[in-house]
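One structure is given below, encoded as structure tokens.
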Amino acid sequence: MGPMIGYVAGFLASFLFLYLILMLVKFLHKVWWMPIRIQHAMNSQGIKGPSYRFFHGNTKEISNMRLISMGRPMDHLSHEIFPRILPHVHLWSNLYGRNFLNWYGPQAQLVVTEAELIKEILYNKDDVYPKIELEGHAKKLLGDGLSSTKGDKWTKLRKLANGVFHGESLKSMIPAMICSAETMLERWKEYNGKEIEVFYEFRILTSEVISKTAFGSSYLEGKKIFDMLTKLTLIVSRNAHKIRIPGISNLIKTDDDIESEKLEQRMKDCIVKIIQKRDQETKVSDTIKSVFLGELLEASLDKDDMKRISLDDMVDECKTFYFAGHETTTSLLGWTILLLAIHQDWQEKARNEVFEFFGKTNPNHDSITKLKTMNMIVEESLRLYPPVPAIKRKVAREVRLGEMTLPPNMELYISPLAVHHDPTIWGDDVHMFNPDRFEGGIANATKNTPASFLPFGFGPRNCVGLNFALVEAKIALVMILQRFKFKLSPNYVHAPVQVFMVRPQHGVQILLHAL
Ligand code: HEM
């Protein structure tokens with residue numbers, strides 16, 4: 001018996017040893033051999049970049065640069081925020097060229113800043129340059145909803161969302177937008193002659209608008225979800241440049257892992273409750289408007305397999321739209337008010353146009369889209385302060401992009417912020433607020449390189465909420481301009497930061513004067 005046990009134990013030990021060796025070889029292949037090979041292959045095509053560092057890639061350098069650049073406020077009210085928000089892209093594109101290679105851990109990432117190449121990437125269908133797979137905390141934030149999913153499921157969800165956020169359906173949401181803006185401005189009356197922090201105000205406004213229009217739920221019900229989303233966003237943001245050893249992260253959980261799991265579960269419970277409540281309401285009355293949640297519910301009951309969606313899909317869609325429809329528009333409104341508070345001449349021009357179109361009456365859809373000065377101001381605000389500073393894609397299979405041959409699985413990093421602050425496209429006054437540059441339209445402003453202006457992305461996966469966001473923001477701006485003059489408060493501290501979106505770290509304080 002004794003020798004037999006010894007034999008089995010020896011066999012198991014050698015098996016374990018071989019297994020460990022195999023795992024080590026696999027690990028080294030991933031974190032050492034492949035990066036060296038890819039770096040070499042790209043260098044030989046003239047694509048340079050900071051050297052790959054074992055396991056962490058360039059993430060530590062990137063984190064340090066960001067800590068320094070965003071660690072304190074800007075010295076003056078400059079709009080030159082690209083070196084501050086994305087210091088590594090700014091430095092390395094100057095050092096290594098417009099398209100350069102950097103490393104997100106052992107993941108090769110090609111940063112592309114040339115508009116023609118960006119167009120090629122974003123215009124392509126999912127099979128060549130698909131979206132990247134979300135992992136960890138980010139996956140808990142957005143799930144497999146419209147912004148992250150691919151293939152047939154994406155086609156199905158996009159069709160559904162397109163129908164809801166365009167045309168007549170969008171028009172039917174305008175009264176709710178106006179009503180929410182009125183509630184906000186009623187509150188503002190108390191601040192006449194005083195300071196008000198508007199970024200916070202816009203967070204309430206945009207969450208109320210998306211809650212009411214898309215989900216039919218009141219702000220208070222949606223508020224819990226927004227609070228949880230905000231917490232999860234902070235977790236994603238502070239872990240964005242941390243590289244974890246695969247496998248180990250399943251065994252050893254950090255506080256953030258535990259917190260994000262809890263938040264994911266609580267958000268799901270909350271959304272399921274809203275869905276169930278809505279389901280009951282629909283049974284009771286047919287008159288309820290066909291908001292987004294209604295469409296989702298209908299799709300969940302569809303007999304056609306190709307159209308039907310599951311409860312998990314619904315939860316992910318709700319999370320996606322709560323998230324996408326909230327922080328982005330808040331950011332746009334916050335920066336636009338800051339710009340108008342600084343540039344009083346443009347505030348006056350915008351107000352004159354508003355009075356010309358609407359007098360003191362509430363805005364309406366048809367005229368909102370005709371406001372030319374307002375449109376130029378919003379476009380210039382989106383150019384200088386694009387809420388979404390970076391977009392990512394992946395290379396599905398070996399492919400030629402311009403003069404380069406890219407290996408499969410390489411990540412592509414496209415930065416609207418970098419492109420919007422490129423003087424070769426926008427001229428020497430690139431960092432100035434000059435809405436006039438949009439007077440002849442976007443094509444004219446970008447000298448017919450449309451991918452040079454991409455606040456809402458580009459191509460088939462551009463922002464599905466584009467019109468919704470623009471109408472909502474313009475309604476709020478029109479109604480503010482009709483009621484108040486405003487200037488920047490001396491307490492405002494200029495500290496744009498990136499926490500997912502580009503946002504003012506300490507809010508936007510203005511002084512209000514009722515008209
Ligand atoms: C100023 C406001 C907004 C900005 C700047 C913005 C920006 C963007 C950008 C850049 C993308 C493309 C991302 C990529 O290509 O990877 C995108 C996609 C998306 N946006 Fe927005 N967005 C805004 C408002 C909204 C609103 C209000 C909603 C919802 C009502 C929304 C829902 C979405 C969704 C669902 C996607 C994914 C679309 C798809 O993949 O098919 N966004 N947005």
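We use all heavy atoms of the structure for the numbers below, so side chains are in, but hydrogens, waters and symmetry mates are not. Atoms within each ligand, like the ligands themselves, are counted from 1 in listed order. For clarity, every value in this text was computed on a predicted model and none was experimentally measured.
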Among all protein heavy atoms, pick out the one at the shortest distance from atom 25 (C) of ligand 1; state its residue, atom name and that distance to 0.1 Å. A324 O, 3.4 Å
May I ask you to identify, for E472, whether its side chain, its backbone, both or neither come under 4.0 Å of ligand 1 on a heavy-atom basis? neither
Inspect the surroundings of NZ in K119 and state if more than 12 heavy atoms from other residues, nucleotides or ligands are less than 6.0 Å away. no
For the pair H79 and Y385, evaluate ring-ring contact (aromatic ring centres under 6.0 Å, His included) and give the outcome as yes or no after the intermediate values. CA-CA 8 Å; H79 307 312; Y385 295 88; 5.6 Å; yes
With atoms numbered from 1 as shown, which atoms in ligand 1 lie under 4.0 angstrom from a non-hydrogen atom of A469? 2 (C), 24 (C), 27 (C)
Can you list the ligand 1 atoms lying under 4.0 Å from a non-hydrogen atom of P455? 5 (C), 7 (C), 10 (C)
R383 to W426 six-membered ring, cation-pi geometry met (6.0 Å, 45°): yes
Any chance the rings of H420 and F82 have centres within less than 6.0 Å? no
Would you please indicate yes or no on a ring centroid separation below 6.0 angstrom for F165 and F321? yes
Just which atoms of ligand 1 are under 4.0 Å from any heavy atom in T329? 2 (C), 27 (C)
For atom 34 (C) of ligand 1, the protein heavy atom that lies nearest, with its residue and separation: V464 CG1, 3.8 Å
Within the 4.0 Å heavy-atom shell around S147, which atoms of ligand 1 are there? 37 (C), 40 (O)
Rounding to 0.5 Å, atoms CG (L263) and CG (L229) come to a distance of 9.0 Å
Could you check whether any heavy atom of I210 sits closer than 4.0 Å to an atom of ligand 1, since that is the contact criterion I want to use? yes
Less than 6.0 angstrom separating the ring centers of Y413 and Y104, yes or no? no
Within reach of ligand 1, part of T328 (heavy-atom separation under 4.0 Å): both
Contact between H326 and ligand 1, counting heavy atoms under 4.0 Å? no
Going by the order shown, which atoms of ligand 1 are within less than 4.0 Å of some heavy atom of I391? 14 (C), 15 (O), 16 (O)
Ligand 1 atoms in contact with N462 (distance to a heavy atom under 4.0 Å): 38 (C)
With heavy atoms only and a cut-off of under 4.0 Å, state how F468 meets ligand 1: side chain, backbone, both or neither. side chain
Does R158 approach ligand 1 within less than 4.0 angstrom via side chain, backbone, both or neither, non-hydrogen atoms only? side chain
Mark up the atoms of ligand 1 that fall under 4.0 Å of a heavy atom belonging to R393, in ascending order. 14 (C), 15 (O), 16 (O)
Is the cationic atom of K150 (NZ for Lys, CZ for Arg) positioned less than 6.0 Å from the six-membered ring centroid of W154 and within 45 degrees of its normal? no
Mind checking whether F165 contacts ligand 1 via backbone (N, CA, C, O), side chain (CB onward), both or neither, at a 4.0 Å heavy-atom cut-off? side chain
Looking only at protein heavy atoms, what sits closest to atom 8 (C) of ligand 1 is C463 CB, 3.7 Å
Residue pair D422 / T424, side-chain donor-acceptor N/O under 3.5 Å: yes
Any non-hydrogen atom of W154 lying under 4.0 Å from ligand 1? yes
NZ/K447: more than 12 non-hydrogen atoms of other groups inside 6.0 Å: yes
Considering only heavy atoms from C-beta outward, does the side chain of I62 approach that of N102 to under 4.5 Å? yes
Among all protein heavy atoms in this structure, tell me which lies nearest to atom 13 (C) of ligand 1, with the distance rounded to 0.1 Å. K131 NZ, 4.0 Å
Are the side chains of M410 and L101 in touch, meaning some heavy atoms are under 4.5 Å apart? yes
Find all atoms of ligand 1 within a distance of less than 4.0 Å from any non-hydrogen atom belonging to F321, and give their numbers and elements. 29 (C), 30 (C), 35 (C)
Of all the non-hydrogen atoms in the protein, which one sits nearest to atom 12 (C) of ligand 1, and at what distance? R461 O, 3.7 Å
Tell me whether E353 is salt-bridged to K370, with the criterion being a basic N under 4.0 Å from an acidic carboxylate O. no
Write out the residue and atom name of the closest protein heavy atom to atom 11 (C) of ligand 1, then the distance separating them to 0.1 Å. F456 O, 3.9 Å
